[in-house]
Amino acid sequence: MTTERKRLAVLGAGPGGYTAAYLAAEKGMDVTLIDTQPNPGGICCFVGCIPSKALLHAADVINSAAEGDAFGVTFNKPAIDLDKLRAWKDGIVRQLTGGLGMLGRARRVKYVRGRGRFSDAGTIRVMNEGELTEVNFDYAIIATGSVPVIPGPLRIESDRVWDSTAALELREKPESLLVIGGGYIGLEMASVYVALGSNVTVVEATGSLLPGVDADLVKVLSDRLVPRLHELLLNTRVNSIAEDGDGITVELSGADIQESRHFDRALIAVGRRPNSADLGLEHTGVQLNERGFIEVDHQRRTANPAIFAIGDIAGEPMLAHKAMHEGQTAVEVILGEPAVWQPAAIPAVVFTDPEIAWCGLTETQARTRGVDVEVTRYPWTASGRALTMGRTDGHTKLIIEPGTERILGMAIVGHGAGEMIAEGVLAVEMGARVEDLKQSIHPHPTLTETVMESAELLTNTSAHYIARRRRD
Ligand code: NAD
């Protein structure tokens with residue numbers, strides 16, 4: 001019997017890749033983790049989730065200070081030291097990614113820096129500044145993530161036109177900023193630059209911000225964010241973009257607009273696409289679908305049974321926590337454990353102010369799929385805790401299966417909604433019923449009570465709110 005450890009190569013050290021690598025090492029595999037960056041962390045830690053949340057925290061402090069006036073606490077206009085803010089954010093990234101590197105070394109994971117490419121179905125060749133390392137493997141996990149989409153007409157060589165990475169660098173605070181795309185990235189970065197004092201215009205191709213997200217959630221966000229924007233242009237596209245003087249000129253075309261406008265800077269945030277080009281996949285048998293995602297089965301296995309794919313490259317939603325969980329599944333499958341990728345609820349959080357978070361079945365999905373559901377909506381105006389924070393702009397809603405009263409989904413809009421949605425994930429995953437949420441004592445006074453009380457709305461037994469619709 002051979003006692004040789006199985007060799008696993010993980011290509012891409014973002015949250016999916018490093019989670020897979022570290023679990024595999026803990027479970028006794030011989031692991032090599034490959035990435036171009038000096039440490040693990042990927043887009044999320046270096047130029048995504050983490051730096052954006054640091055800047056959104058600063059924005060939150062600025063906004064909260066401005067609102068203290070309402071209860072008699074008045075601050076002077078904030079003085080923003082951009083260099084210090086940037087250094088603070090960069091320090092967080094360094095600390096986190098350095099810590100991830102240390103965790104890998106402690107687990108004896110080999111870290112190979114460079115760009116990896118499959119040369120055959122058992123080898124990845126890694127190039128770093130002209131130096132070649134060959135990594136041979138029994139199994140591989142591809143976790144190379146995604147890259148921003150920059151549509152052809154908007155593709156110009158200019159440091160005045162940013163993608164999300166450039167926007168997060170915080171090189172400057174433009175007087176006027178055009179944000180192209182009213183999705184996750186567009187709205188999070190618009191929130192940051194509005195708080196810093198830029199005049200921000202958002203252009204969105206569809207008729208709504210955050211297309212696809214429940215309209216009642218988006219409305220609460222819009223009511224607070226849109227008045228702070230210089231302008232919001234819905235049903236509008238940017239046809240072209242060119243440098244002009246110190247800034248840029250764009251051609252806008254939309255339902256009510258057909259004109260050129262000048263801005264200091266523009267951020268393009270119109271989506272991301274899988275980073276599947278030039279990986280040498282033609283040598284492996286791994287198949288891509290028509291959108292460039294790697295095709296995987298319910299265990300994250302590609303068309304080559306020794307190669308797995310996880311995270312953004314393996315399909316939507318492109319979210320770090322989904323990648324991490326897929327990474328765990330892939331490793332368990334490789335080790336012969338009975339694992340399958342079959343989540344009942346993947347949470348999503350838009351870190352705007354207020355935040356929007358949801359998991360499981362959404363109201364919009366139920367409607368478009370013709371699924372019969374009951375929906376309860378608990379307004380935060382009826383939450384004592386929300387009142388004490390001066391933040392009653394929010395609500396908590398449950399999507400419930402009629403008859404069984406099983407919780408199929410939860411959605412929350414409000415300050416800190418992202419911290420609350422995990423209870424919904426647990427409820428959906430555990431097959432909890434309305435009664436379970438009602439019978440679980442929630443601490444008072446907290447915003448989490450709105451989850452319990454939205455369950456009570458089904459029977460109109462909430463102490464603090466009387467639903468208009470009665471169920472007799
Ligand atoms: P997105 O898909 O969320 O939003 C893109 C928006 O741009 C859409 O509203 C779309 O209608 C609009 N659009 C497309 N073409 C346009 C055009 N020519 N002119 C104007 N508007 C146009 O994409 P994103 O914001 O770039 O984010 C990419 C992905 O990154 C997201 O899907 C998400 O998975 C991930 N992400 C997640 C978070 C988070 O979890 N908080 C944060 C940032 C990014």
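No hydrogens, no waters, no symmetry mates; every other heavy atom, side chains included, goes into these values. Computed from a predicted model, the values in this text were never measured in an experiment. Note that ligands are numbered from 1 as they come in the structure, with each ligand's atoms numbered from 1 the same way.
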Just to confirm my output: which protein heavy-atom neighbour is closest to [atom], and how far is it?
atom: atom 19 (N) of ligand 1; answer: Ile180 CG2, 3.7 Å
atom: atom 12 (C) of ligand 1; answer: Glu204 OE1, 3.3 Å
atom: atom 21 (N) of ligand 1; answer: Ala205 N, 3.1 Å
atom: atom 33 (C) of ligand 1; answer: Met318 O, 3.8 Å
atom: atom 14 (C) of ligand 1; answer: Val270 CB, 3.6 Å
atom: atom 17 (C) of ligand 1; answer: Arg237 NH1, 3.7 Å
atom: atom 43 (C) of ligand 1; answer: Ile185 CG1, 3.3 Å
atom: atom 31 (C) of ligand 1; answer: Tyr184 CD1, 4.0 Å

- Message: Using the side chain to side chain donor-acceptor pair (under 3.5 Å) definition, which of the options Asp214, Thr450, Thr376 pairs with Lys397?
- Response: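 The option that passes is Asp214.
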For [X] and ligand 1, does the shortest N/O to N/O distance drop below 3.5 Å?
X: Arg272; result: no
X: Val349; result: yes
X: Gly271; result: yes
X: Thr206; result: no

- Just which atoms of ligand 1 are under 4.0 Å from any heavy atom in Val203?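 Taking each heavy atom of Val203 in turn, ligand 1 has 20 (C), 21 (N) under 4.0 Å.
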- Item | Those atoms of ligand 1 less than 4.0 Å from some heavy atom in Phe351 |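 Every atom of ligand 1 under 4.0 Å from some heavy atom of Phe351: 41 (N).
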What are the two closest non-hydrogen atoms of [X] and [Y], and how far apart are they?
X: Ile248; Y: Val250; answer: CD1-CG1, 3.9 Å
X: Val179; Y: Ala190; answer: CG2-CB, 4.3 Å
X: Leu217; Y: Val413; answer: O-CG2, 3.6 Å

- Glu316, portion touching ligand 1 at heavy-atom distance under 4.0 Å: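 None of Glu316 does.
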- Leu319 contact mode with ligand 1 (heavy-atom cut-off under 4.0 Å): side chain
Less than 4.5 Å apart, any side-chain heavy atom of [X] and any of [Y]?
X: Asp35; Y: Leu33; answer: no
X: Val213; Y: Val218; answer: yes
X: Pro347; Y: Val425; answer: yes

Using distance only, find each side-chain donor-acceptor pair of residues 45-57 under 3.5 Å and give its atom names and separation, not counting sequence neighbours.
{"from": "Ser52", "atom 1": "OG", "to": "Gly48", "atom 2": "O", "distance (Å)": "2.9"}
{"from": "Ser52", "atom 1": "OG", "to": "Cys49", "atom 2": "O", "distance (Å)": "3.0"}
{"from": "Lys53", "atom 1": "NZ", "to": "Glu188", "atom 2": "OE1", "distance (Å)": "2.9"}

- Message: Using salt bridge (Lys or Arg N to Asp or Glu O under 4.0 Å), reason through Arg94 and Asp90 one step at a time and then give a plain yes or no.
- Response: CA-CA 6 Å; Arg94 256 196 320 278; Asp90 292 345; 5.6 Å; no
- Residues Phe308, Trp341; criterion ring pair (Phe, Tyr, Trp, His ring centres under 6.0 Å); working and verdict: CA-CA 12 Å; Phe308 292 69; Trp341 168 252; over 10 Å; no
- Task: With side chain to side chain donor-acceptor pair (under 3.5 Å) as the test, would you mind laying out the steps for Arg385 and Thr388 before giving the verdict?
- Result: CA-CA 5 Å; Arg385 186 68 184 112; Thr388 64; 2.6 Å; yes
- Task: Answer yes or no for Pro317: is there a heavy-atom contact with ligand 1 below 4.0 Å?
- Result: no
